[in-house]
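Written out below as structure tokens is the structure these notes cover.
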Amino acid sequence: MSPQYVGRFAPSPTGPLHFGSLLAAVGSYLEARVRQGRWLLRIEDVDRPRTVAGAEHAILATLERFGFEWDGPVWRQSARDAVYGEALERLRRDGRVFDCGCTRREIADSAVGRDGAPRYPGTCRNGLPPGRAARTVRLRTEPGAVLCFEDRVLGRICEDVFSDVGDFILRRADGLFAYQLAVVVDDAASGVTDVVRGADLVDSTCRQLWLQRCLGLPAPSYAHLPVGTNAAGTKLSKQTFAPPLDDDRPGPALHAALAFLGQAPPAELAGWPPATIWAWAAANWRLSAVPKTRAVVVPDEFQENPA
Ligand code: GLU
């Protein structure tokens, strides 16, 4: 029994849930249930321009129809700007952040980091060049600081955040707080002990570990589940027209999610009501059965909406 376990599901309200987001919901939910922990729901609407009207409502409705039960009130990042601002001020007092005047285009020509994005070349880390105004706020990284964690699915993962990413943005040019800051502050503030999420976020984890260290926050444990891709290897997302989950047919989608996550559900499970599915799943869930890979192709019907 581990009553201290706190997990979470943190969807961005950029559209309705699709099969890819269901995988993170199912994995984080079942792991919290078998560890007899709490499972929090956090709407990650810090990125206002990407927020789609009605998406949060649709996400909550789908989770309810699929029989998910979250603990406590829903967290919303859009209500927490003051808390993110305080964290940024603390970092500033400690000399951990600096104002940056570079545009995205100026950085685009830099050497590319491990995740394919350009590495910040350090232009403004010792002060803004004359005549330049601050656009973003960046967190300093340190040469030689290799960050590692034991991923509970993928095993040991390390990254040299300084050479692979460089000083990264905590406050964007449009004034909004960056995902990395919001997620680290919120996971700590809500007492999250275990993050279970899609492997598309593996490459953010070492940045988050570094930020936790700079803020003096504890690091949760991490488990990254394979993400669903189409046959061409592209991650399922709203951009690839992954169809929304059908609220009237939770069984087939939950069956497919459990199968995808290596849990070998019986075929008849697809026809059961959610409560029965969750009883089977909670009795049979094993994180160790999840494929130890970052991506797996999903069944056709969950891949692409015929236009
Ligand atoms: N909001 C992110 C997403 O929808 C998840 C962030 C996280 O789990 O850390 O992909």
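Rounded to the nearest 0.5 angstrom, Ile157 CD1 and Asp151 CG are separated by 4.5 Å. We find the OG-CZ distance between Ser190 and Arg8 to be 8.0 Å, quoted to the nearest 0.5 Å. How far CZ of Arg38 is from CH2 of Trp70: 14.0 Å, rounded to the nearest 0.5 Å. Interatomic distance, CD1 of Ile43 versus NE2 of His57, reported as 12.0 Å (0.5 Å rounding). The distance from atom OG1 of Thr193 to atom CZ of Arg35, rounded to the nearest 0.5 Å, is 7.0 Å. For the atom pair Trp210 CH2 and Glu142 CD, the distance stands at 4.0 Å (nearest 0.5 Å).
Judged by distance alone, the side chain of Thr234 and the main-chain N or O of Asn230 form no donor-acceptor pair under 3.5 Å. Counting only distance, with no hydrogens or angles, the side chain of Arg135 and the backbone of Cys102 share a donor-acceptor pair below 3.5 Å. In terms of modelled atom types and a separation under 3.5 Å, the side chain of Glu44 and the main chain of Gln77 share no donor-acceptor contact. The backbone N or O of Leu215 sits less than 3.5 Å from a side-chain atom of Arg90, completing a donor-acceptor pair. Between the Arg65 side chain and the Leu63 main chain, no donor and acceptor come within less than 3.5 Å of each other.
No side-chain N or O of Asn284 forms a donor-acceptor pair with one of Gln263 less than 3.5 Å apart. A donor-acceptor pair shorter than 3.5 Å cannot be found between the side chains of Thr51 and Asp45. In the model, Thr205 has a side-chain atom that pairs as donor or acceptor with a side-chain atom of Arg197 under 3.5 Å. A side-chain donor-acceptor contact under 3.5 Å links Thr103 and Glu106.
Val74 is connected to Val183 through a chain of hydrophobic side-chain contacts under 4.5 Å among Ile, Leu, Val, Met, Phe, Trp and Tyr, so both are in one cluster. By the rule that hydrophobic residues join a cluster once side-chain heavy atoms approach within less than 4.5 Å of another member, Leu91 and Leu147 end up as members of one cluster. Hydrophobic clustering, with ILVMFWY side chains joined whenever heavy atoms are under 4.5 angstrom apart, groups Val195 together with Leu287. The same ILVMFWY cluster, assembled from side-chain heavy atoms under 4.5 Å apart, contains both Ile277 and Val290. Cluster membership for Leu225 and Val298, using ILVMFWY side-chain heavy atoms within less than 4.5 angstrom, is shared.
Within the cation-pi definition used here (under 6.0 Å to the ring centroid, within 45° of the axis), Arg119 qualifies as a partner of Phe162.
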- request: List the steps, then state whether side-chain contact (heavy atoms from CB on, under 4.5 Å) holds for Arg92 with Val137.
  value: CA-CA 9 Å; Arg92 198 182 282 281; Val137 180; 3.6 Å; yes
Check your understanding: Which is it for Asp174 and Arg172 under the salt bridge (Lys or Arg N to Asp or Glu O under 4.0 Å) test, yes or no, and what are the steps along the way?
Key -> CA-CA 5 Å; Asp174 59 7; Arg172 312 181 339 182; 2.6 Å; yes
Exercise. Between Leu30 and Leu258, is a side-chain contact (heavy atoms from CB on, under 4.5 Å) present by the stated rule, with each step listed?
Worked result: CA-CA 10 Å; Leu30 286 171; Leu258 289 164; 3.7 Å; yes
- Given salt bridge (Lys or Arg N to Asp or Glu O under 4.0 Å), test Glu86 with Arg80 step by step and report yes or no. CA-CA 10 Å; Glu86 276 164 30; Arg80 295 180 48 78; over 6 Å; no
Given side-chain contact (heavy atoms from CB on, under 4.5 Å), test Trp278 with Glu69 step by step and report yes or no.
CA-CA 11 Å; Trp278 289 123; Glu69 291 175 4; over 6 Å; no
Item to check | Step-by-step side-chain contact (heavy atoms from CB on, under 4.5 Å) determination, Asp167 to Thr141 | outcome: CA-CA 5 Å; Asp167 309 326; Thr141 53; 2.9 Å; yes
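Leu201 places a side-chain heavy atom less than 4.5 Å from the side chain of Tyr179. By the 4.5 Å heavy-atom criterion applied to side chains, Leu17 and Leu22 are not counted as neighbours. No side-chain heavy atom of Leu176 sits less than 4.5 Å from a side-chain heavy atom of Tyr84. Side-chain contact between Asp203 and Asp164 is absent, with no heavy atoms from C-beta onward closer than 4.5 Å. Side-chain contact check for Asp194 versus Arg152: some heavy-atom pair is nearer than 4.5 Å. Annotation: side chain of Trp285 is not in contact with side chain of Arg33 (no heavy-atom distance under 4.5 Å). Between Pro220 and Gln212 there is a side-chain heavy-atom pair separated by less than 4.5 Å. Here the side chains of Pro274 and Pro250 are in contact, with some heavy-atom distance below 4.5 Å.
Nearest heavy-atom pair across Ala257 and Val26 is CB-CG2, 4.2 Å. Taking every heavy atom of both residues into account, Val6 and Gly191 meet most closely at CB-O, 3.3 Å. Closest approach of Leu23 and Pro226 over heavy atoms only: CD1-O, 4.1 Å. Taking each heavy atom of Phe177 and Leu181 in turn, the nearest pair found is CD2-CD2, 3.7 Å. Smallest separation of non-hydrogen atoms from Leu139 and Cys214: CD1-SG, 4.2 Å. Shortest non-hydrogen contact noted between Ala253 and Leu245 is CB-CD2, 4.1 Å.
SG atoms of Cys148 and Cys158 are separated by less than 2.5 angstrom, consistent with a disulfide link.
Atom CZ of Arg213 has 12 or fewer neighbouring heavy atoms from other residues, nucleotides or ligands inside a 6.0 Å radius. In the displayed structure, Glu301 atom CD is contacted under 6.0 Å by more than 12 heavy atoms of other residues, nucleotides or ligands. Counted within 6.0 Å of CZ on Arg286, heavy atoms from surrounding residues, nucleotides or ligands total 12 or fewer; the atom is thus considered open.
Ring pair Phe68/Trp39: centre-to-centre distance below 6.0 Å.
Between Phe19 and Phe302, the ring-plane angle classifies as parallel under the 30° and 60° cut-offs.
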